[in-house]
Amino acid sequence: MVLNYIWIGFFLIALVVALVKTFGGDAAVFGDMVNSTFSMAETGFEISLYLTGVLCLWLGIMKIGENGGAVQALSKLVGPFFNKLFPDVPENHPARGSMLMNFSANMLGLDNAATPMGLKAMNELQELNKEKDRATNAMIMFLVLNTSGLTIIPITVMAYRSQFGAENPADVFIPILIATFCASLVGLIAVALYQKINLFDKVILAYLGGMSLIIFGLAYYFSSLPPEELNTQSSLASNIILYGVICLFIIMAIKKKVNVYESFIDGAKGGFDIAIKIIPYLIAILVSIGVFRASGAMDLMQEGFQLFFGLFFENTEFTNGIPTALMKPLSGSGARGMMIESFGPNGEYVDSYVGKLNSTLQGATDTTFYIIAVYFGAVGIKKTRYAVKVGLLADLAGVIAAMVVATLWFGGDKTVYQSPQEVVESFGNAWQSSNQESMKNLLSDNCVLYDQAYDTLYTNKSKVVDEYFSQNTFFRAVKTTKVMVNEVYLKINKGVDSSFVLETYAIGVKKGKIQYFRYLGNL
């Protein structure tokens, strides 16, 4: 229901702003808004199509972990801790197992497994509830720990960053881990104070103290490094941890004599279904945000935030993340759309501070109102007590932590790249004028040239230019067409022996550099 009002609001506010601008002399604003509906719908489909492969990969890996016992091992590891947090739930009650499985699945990014387990846990907790329409202490603790969104592996955020051409999609991994831990810690402490749980219990202190030392030790170490070292080492650590998790899942599965390959295939099958399901939701929110942006309403909102926070802070660039932060408790798809919008239409800003800030905010918390509505609604709870206020407090802690950590990690990065289509147009013009130096400057060092069968012809930029594109030819026309977010078609009419031949190339671009050419023939 909340998302319904937000979606309608985007269109109606855009209409009002556009009318004001039209009466003020801007005759192009409605055209820009209509064009944005087509371009954002196209972008939404492209993103969903790309995510199919990434989701298949990670769901397959997570299935290996699930079958290999990773979820169960994590449940045993945190079992004593959760025994202290849920004293009203009998030791052998099935709700304990369901809750632990839900938390473990969430931390490993197993969203599909987490939701059914969470609903099962709520139904089992309801069996212990004497007032069937009123939330119990155990239910509220369970819900708040869910809404704070503690996730060890933020697969979705990294997948979107990869889609938009991030140099290292995992570079936000540690900042997200720190931010989401802060949200969970604040939520847990707040609920414990309401429920008079002894936070100085030796088991609770051991778990919270150990986790806090690790997380804040990482934050202290990385924040003490120079910016260049910080990016290098945090990226290296993130990738080592992620690859280590993959290898750990495989080793655990081998020890349990699980067929690793079949487990991967079983998990990967769900990737296509998920990608197809999110297409309408993603297109809906991206189109509404696109209209909101094209009308100028987004810029007005940003300026308002900057003016307000400018009264207290000298640097207000962090306000570019506020729309994502405000949307996240209300709608996961809405916040995802805000994050994607911050990357720029062609990923120009994905590696900038703003892009990384929004990525960190997207992974810092979960959709509080959605989770509370679904989980409490499933068991008929109407009196939610303090669940909403504590959940929002945890969200606020996560947002503040995300902004602080992202600023420490990425605050000096203002990198903006040419769009892929601009890069390809520049290359086509340089080729047309036989400017080999300019051509090489637009290519990555390891640029590859493929033929129609994907056979590799050349493997570095010097050979690509000197041995392939240096032919003495002349051109009648050069045309570029966007295909995917990071891929562009280059079509040329090339002169050969006083006649012209049409040639087409699919060209992949990342961070303002051409990564590959694929010759497509006379298309």
Side-chain angles (χ1 to χ4, degrees), residues 66 71-108 110-151 183-208 211 329 365-395:
E66 186 181 0
V71 174
Q72 293 87 339
L74 190 55
S75 297
K76 290 180 181 178
L77 181 65
V78 300
F81 181 47
F82 285 112
N83 288 342
K84 298 292 182 180
L85 298 183
F86 300 96
D88 297 335
V89 181
E91 186 173 348
N92 296 320
H93 195 278
R96 288 204 172 198
S98 298
M99 286 190 293
L100 288 171
M101 291 293 285
N102 169 265
F103 289 128
S104 301
N106 268 325
M107 286 189 280
L108 292 173
L110 292 167
D111 294 337
N112 284 344
T115 301
M117 291 175 190
L119 293 175
K120 185 171 183 290
M122 286 298 290
N123 278 284
E124 289 164 346
L125 289 172
Q126 182 71 334
E127 294 175 5
L128 300 171
N129 190 3
K130 295 178 180 178
E131 298 180 51
K132 297 301 182 182
D133 65 343
R134 185 175 185 268
T136 64
N137 285 349
M139 286 179 173
I140 293 174
M141 177 66 83
F142 176 61
L143 259 293
V144 171
L145 291 177
N146 263 273
T147 61
S148 61
L150 181 60
T151 304
S184 298
L185 183 62
V186 168
L188 187 154
I189 292 173
V191 176
L193 291 174
Y194 267 105
Q195 298 181 3
K196 296 180 172 53
I197 294 173
N198 181 15
L199 290 171
F200 295 99
D201 180 273
K202 61 182 180 180
V203 174
I204 294 178
L205 281 177
Y207 275 88
L208 287 183
M211 288 188 289
T365 60
D366 215 325
T367 50
T368 298
F369 287 106
Y370 172 80
I371 291 174
I372 288 176
V374 171
Y375 279 40
F376 278 157
V379 292
I381 295 295
K382 296 177 182 177
K383 300 174 183 176
T384 60
R385 299 168 67 195
Y386 49 86
V388 174
K389 67 173 77 171
V390 174
L392 291 177
L393 178 64
D395 290 342

Just verifying a value: how many Å separate [X] [atom1] and [Y] [atom2], rounded to the nearest 0.5 Å?
{"X": "Tyr386", "Y": "Leu392", "atom1": "OH", "atom2": "CG", "answer": "15.0 Å"}
{"X": "Asp201", "Y": "Tyr207", "atom1": "CG", "atom2": "OH", "answer": "11.5 Å"}
{"X": "Leu128", "Y": "Asp88", "atom1": "CG", "atom2": "CG", "answer": "9.0 Å"}
{"X": "Leu143", "Y": "Ile140", "atom1": "CG", "atom2": "CD1", "answer": "8.0 Å"}
{"X": "Asn137", "Y": "Leu125", "atom1": "CG", "atom2": "CG", "answer": "11.0 Å"}
{"X": "Ile189", "Y": "Leu393", "atom1": "CD1", "atom2": "CG", "answer": "10.0 Å"}

Minimum-distance pair of heavy atoms, taken over all atoms of [X] and [Y]:
{"X": "Gln195", "Y": "Met141", "result": "NE2-N, 4.1 Å"}
{"X": "Asp366", "Y": "Asp395", "result": "O-OD1, 4.1 Å"}
{"X": "Val390", "Y": "Ala190", "result": "CG1-CB, 3.8 Å"}
{"X": "Leu199", "Y": "Ala192", "result": "CD2-CB, 3.5 Å"}

Less than 4.5 Å apart, any side-chain heavy atom of [X] and any of [Y]?
{"X": "Met139", "Y": "Thr384", "answer": "no"}
{"X": "Tyr194", "Y": "Lys389", "answer": "yes"}
{"X": "Tyr375", "Y": "Ile381", "answer": "no"}
{"X": "Thr365", "Y": "Pro329", "answer": "no"}
{"X": "Asn198", "Y": "Lys84", "answer": "no"}

**Asked** Are His93 and Phe86 close enough, and set up right, to give a side chain to side chain contact (heavy atoms under 4.5 Å, CB included), and what steps lead you there?
**Response** CA-CA 11 Å; His93 195 278; Phe86 300 96; over 6 Å; no
**Prompt:** Between Met99 and Leu145, is a side chain to side chain contact (heavy atoms under 4.5 Å, CB included) present by the stated rule, with each step listed?
**Reply:** CA-CA 10 Å; Met99 286 190 293; Leu145 291 177; over 6 Å; no
**Prompt:** Do any N or O atoms from the side chain of Asn129 and from the backbone of Arg134 form a donor-acceptor pair under 3.5 angstrom?
**Reply:**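 Yes, the answer is positive, given that a donor and an acceptor are paired below the 3.5 Å cut-off.
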**Message:** Can you confirm whether Lys132 is buried at NZ, in the sense that more than 12 heavy atoms of other residues, nucleotides or ligands lie under 6.0 Å from that atom?
**Reply:** yes
